[in-house]
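Since this is a predicted model, take the numbers as computed values, not measurements. Sequence lines set the chain letters: A, B, ... in the order given, protein chains first and strands last, and positions in each chain run from 1. Hydrogens, waters and symmetry mates are skipped; everything else that's a heavy atom, side chains included, is used.
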Amino acid sequence: GAVVSQHPSRVICKSGTSVKIECRSLDFQATTMFWYRQFPKKSLMLMATSNEGSKATYEQGVEKDKFLINHASLTLSTLTVTSAHPEDSSFYICSARNSPGQASREGAFFGQGTRLTVV
Amino acid sequence: DAKTTQPPSMDCAEGRAANLPCNHSTISGNEYVYWYRQIHSQGPQYIIHGLKNNETNEMASLIITEDRKSSTLILPHATLRDTAVYYCIVRVASGYSTLTFGKGTMLLVSP
């Protein structure tokens, strides 16, 4: 299957600072990327969907000004957690899909995840 | 997307077959059954998917009942590395549809 690379895998930051997480599709063009958040022992919760070159669509309850998503190219999407608080500590996972008109066999390809700890 | 119901946890002895059930009684005619798994602190990994026929690949087999209201993922010879949360998801196989994760089944493979 295709490869999605997420960086960093782990990050610790101080309260009030911003953290950027990158998601790259290494061998295909990702027209759509998804960002998920996962709290301990919970399932993945979709935060937002982004299409290349357009604004992201956020799920209900997700603050768009706090979780900035940029999908400026077909191989890169970034999630910036602004003014981070301890309650933002979580496991963030991106996934990518290629052509919007056809589903990939796997449905979507996932990154390795980023463990964010805000202290 | 239709909802799914899975047992919260299952145990399996190493080397034995692991049979993970999933109920999706409200599945629509154009919805596929997808299985993913998530090993601790990693992103989800695709396993297999199917519409109505049974499917097999190098990782697992998928058995879908004739009425499509339930399915079973079979890992024929479970190893310790198969310990993970297994998610059964039903979705339309369209590039626009998202993946909605339920709680999944925590499969623990023991020596």
- Task: Mark yes or no: B:R91 above the aromatic ring of B:Y34, with NZ or CZ under 6.0 Å from the six-membered ring centre and no more than 45 degrees from the axis.
- Result: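 Yes.
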- So, B:N30 versus B:S28: side-chain donor-acceptor pair below 3.5 Å or not?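 No, B:S28 and B:N30 have no side-chain donor paired with an acceptor closer than 3.5 Å.
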- For the residue pair A:Y92 and A:F67, does the interplanar ring angle fall in the parallel (under 30°), tilted (30 to 60°) or perpendicular (over 60°) class?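 A:Y92 vs A:F67 ring planes: tilted.
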- Query: Between B:Y36 and B:Y46, how do the two ring planes meet: parallel, tilted or perpendicular, split at 30° and 60°?
  - Reply: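 Correct class here is perpendicular.
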- Task: Using a cut-off of under 4.5 Å on heavy-atom pairs, state which of B:P44, B:G43, B:G104 scores highest against chain A.
- Result: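 Top option by heavy-atom pairs under 4.5 Å: B:P44.
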- Examine whether an atom of A:S95 lies under 4.5 Å from a heavy atom of chain B, and if so say whether it belongs to the side chain, the backbone or both; otherwise answer neither.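 Looking at A:S95, nothing touches chain B.
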- Query: Side chain, backbone, both or neither: which part of A:L46 has a heavy atom under 4.5 Å from chain B?
  - Reply: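 The side chain, not the backbone.
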- Message: Has A:S73 got a side-chain atom pairing as donor or acceptor with A:T75's backbone, closer than 3.5 angstrom?
- Response: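 Yes, because the side chain of A:S73 sits within donor-acceptor range (under 3.5 Å) of the backbone of A:T75.
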- Name the region of B:Y87, side chain, backbone, both or neither, that has any atom closer than 4.5 Å to a heavy atom of chain A.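 Side chain only.
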- Query: Do you know which of A:K41, A:Q6, A:Q38 has the most heavy-atom pairs under 4.5 Å to chain B?
  - Reply: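 Maximum pair count with chain B is reached by A:Q38.
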